[in-house]
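Data first, discussion second: the structure below is written as structure tokens.
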Amino acid sequence: MGDMPRYDRLNGIGEDIRAVVTETPTVTHSYSNYGTCTIMIIESGNGILNKGERLLLTSKDAASLYIGDEIAATVKLETLSNHENSVSFYSNNVFMTATPVTMVLKGESKGIYSLSAKVRNYCKDILTENTKNYSVLLAILTGEKSYISDETYDNVKTAGVSHILVVSGMHFAVLCTFMIRLISLIKCPEFIKDILLLAFLFALMCVCGFTMSILRAAAVYIIALIYRRLKRIGDGVLFISNAVIVVLFIHPFAVYSIVFCLSFASTFGIICLSGKFKNFLGSKRYQNAFTDFASETAAVSLSAYVATLPVVIYYFGYISTYSVPVNLLVSLPSTLMLILTFLGIILRFIPFISKIFLFCADFIAGFFLRVVNAVQELPFNVLRLRNTKLLTAVILITFILVYLYKTKYYRLLKFKKEVNRRDSV
């Protein structure tokens, strides 16, 4: 947790810094290119800032910066204590703003963020060159939403499918499940398969910019691998619970991160609910590989939506009226869009095959945009809610009670109570 007294002492102080940009800037005023981005300290002139410390850079030249850029600047430091979204910044380990008095772009850094920038630029160049709806494909693959217009993103939120464009546990689940099935086809020792999966996780984190949310999502799979290598018995709930404990122990403010909450909730929902939804949606009469894949994909998306509903209500204060049918309509296409985009990128060395995958992904992205734009034209497409905190609490308590009932946890408590009664006698 941040050292608040120390940050208060630094408030208003000027400092010469050398830092690397760790996320794509958000332009808040397009007419002046004024925006913000997170930077990580490489060197502090007077040593008042620690190496690796993160700051929120507010600059008029934000549009010229990108992940991996190294800057040298003289900045004025200010605390975020009075900022209306302070806890949101705290959740990303950012406790102070840095307003540059002078700033010089030094070029690309030689660290991990520079590698991420090159990978993301590679993906962006391929998608912009080969697709019309590259903004959607770039968002679903890397989480980069700066190319999506405000109007389009408002339509996406109104349709109740904004979680599709936020790289979270659901995206990790889709791509990692796909990769695990591919790796399982390889005849090699298990530890080699684990190394391949770890390499894939690192590549995926690199594509997504090593954001806090991505690191948290990857923690679930890394913990699962550790349990498997130690030959310990565990299920998905245990893995994600351990991941959450580790994350919150290291960084308690993560609990205020909407992306962390969405990622945890969607992953937990997929683990606990997808099997139930798959059985409900699956057709025993017309059972084949395609119907199994379709029902499983729809179940994953629906599970993520149901589990993230309390988070959406709490943070946004509304529910999309048509979100359930829209999620069912776009869940399978969105999964295919993500996988096809991924394959189109990694198979770039086979241009003909890559273009086929990207053409199909682009077609699905166009379908996705047509659906969300159509929902915007429907009447009563959003239900505004009052007292969202109370409603969120009621939904969460209901979820917990249903989960305890379905897992027969009450029987375990009853059994323990009976054992204690017998022991006391």
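Keep in mind the model is a prediction, meaning the values are calculated, not measured.
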With the side chain counted from C-beta on, respond yes when [X] and [Y] share a heavy-atom pair under 4.5 Å apart, and no when they do not.
X: Val136; Y: Met337; answer: yes
X: Leu198; Y: Phe202; answer: no
X: Ile71; Y: Arg18; answer: no
X: Pro100; Y: Leu57; answer: yes
X: Ile48; Y: Leu10; answer: yes
X: Met96; Y: Glu78; answer: no
X: Val75; Y: Val101; answer: no
X: Leu55; Y: Leu49; answer: yes

On a heavy-atom basis, which atom in [X] and which in [Y] lie closest, and how many Å separate them?
X: Val119; Y: Cys206; answer: CG2-SG, 3.7 Å
X: Ser354; Y: Gly344; answer: OG-O, 2.6 Å
X: Ile140; Y: Ser334; answer: CD1-O, 3.7 Å
X: Ile364; Y: Pro333; answer: CG2-O, 3.2 Å
X: Val311; Y: Ala265; answer: CG2-CB, 4.3 Å
X: Asn133; Y: Asp362; answer: N-OD1, 2.9 Å

Donor-acceptor pair between [X] and [Y] side chains, under 3.5 angstrom:
X: Asp16; Y: Thr74; value: yes
X: Glu15; Y: Asn46; value: yes
X: Thr99; Y: Thr58; value: yes

Would you say [X] has more than 12 foreign heavy atoms packed within less than 6.0 Å of its [atom1]?
X: Lys193; atom1: NZ; value: yes
X: Asn50; atom1: CG; value: yes
X: Tyr314; atom1: OH; value: no

Worked verdict on Val375 versus Asn155 for side chain to side chain contact (heavy atoms under 4.5 Å, CB included) | CA-CA 8 Å; Val375 172; Asn155 293 347; over 6 Å; no

Could you give the distance from [atom1] ([X]) to [atom2] ([Y]), rounded to the nearest 0.5 Å?
X: Ser320; Y: Leu378; atom1: OG; atom2: CG; answer: 9.5 Å
X: Asn130; Y: Thr341; atom1: CG; atom2: OG1; answer: 11.5 Å
X: Tyr147; Y: Thr128; atom1: OH; atom2: OG1; answer: 8.0 Å
X: Ile17; Y: Met103; atom1: CD1; atom2: CE; answer: 9.5 Å
X: Thr38; Y: Leu56; atom1: OG1; atom2: CG; answer: 6.0 Å
X: Leu77; Y: Ile13; atom1: CG; atom2: CD1; answer: 7.0 Å

How about Phe200 and Phe342: are their ring centres within less than 6.0 Å of each other?
-> yes

Show your working on salt bridge (Lys or Arg N to Asp or Glu O under 4.0 Å) between Glu43 and Lys51 and close with a plain yes or no.
-> CA-CA 6 Å; Glu43 184 180 349; Lys51 183 178 181 180; over 6 Å; no

Given Leu141 and Val207, is the side chain to side chain contact (heavy atoms under 4.5 Å, CB included) satisfied, shown in steps?
-> CA-CA 8 Å; Leu141 182 66; Val207 168; 4.2 Å; yes

Side chain to side chain contact (heavy atoms under 4.5 Å, CB included) between Ile164 and Phe368, intermediate numbers included = CA-CA 10 Å; Ile164 291 177; Phe368 174 82; 4.0 Å; yes

Can you pull the salt bridge (charged side-chain N to carboxylate O under 4.0 Å, His left out) pairs that have at least one residue in residues 122-135, sequence neighbours excluded?
->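 Passing the test, one end in residues 122-135: Glu129-Arg348.
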
Residues in side-chain contact (heavy atoms from CB on, under 4.5 Å) contact with Pro351, at least two apart in sequence or another chain | none

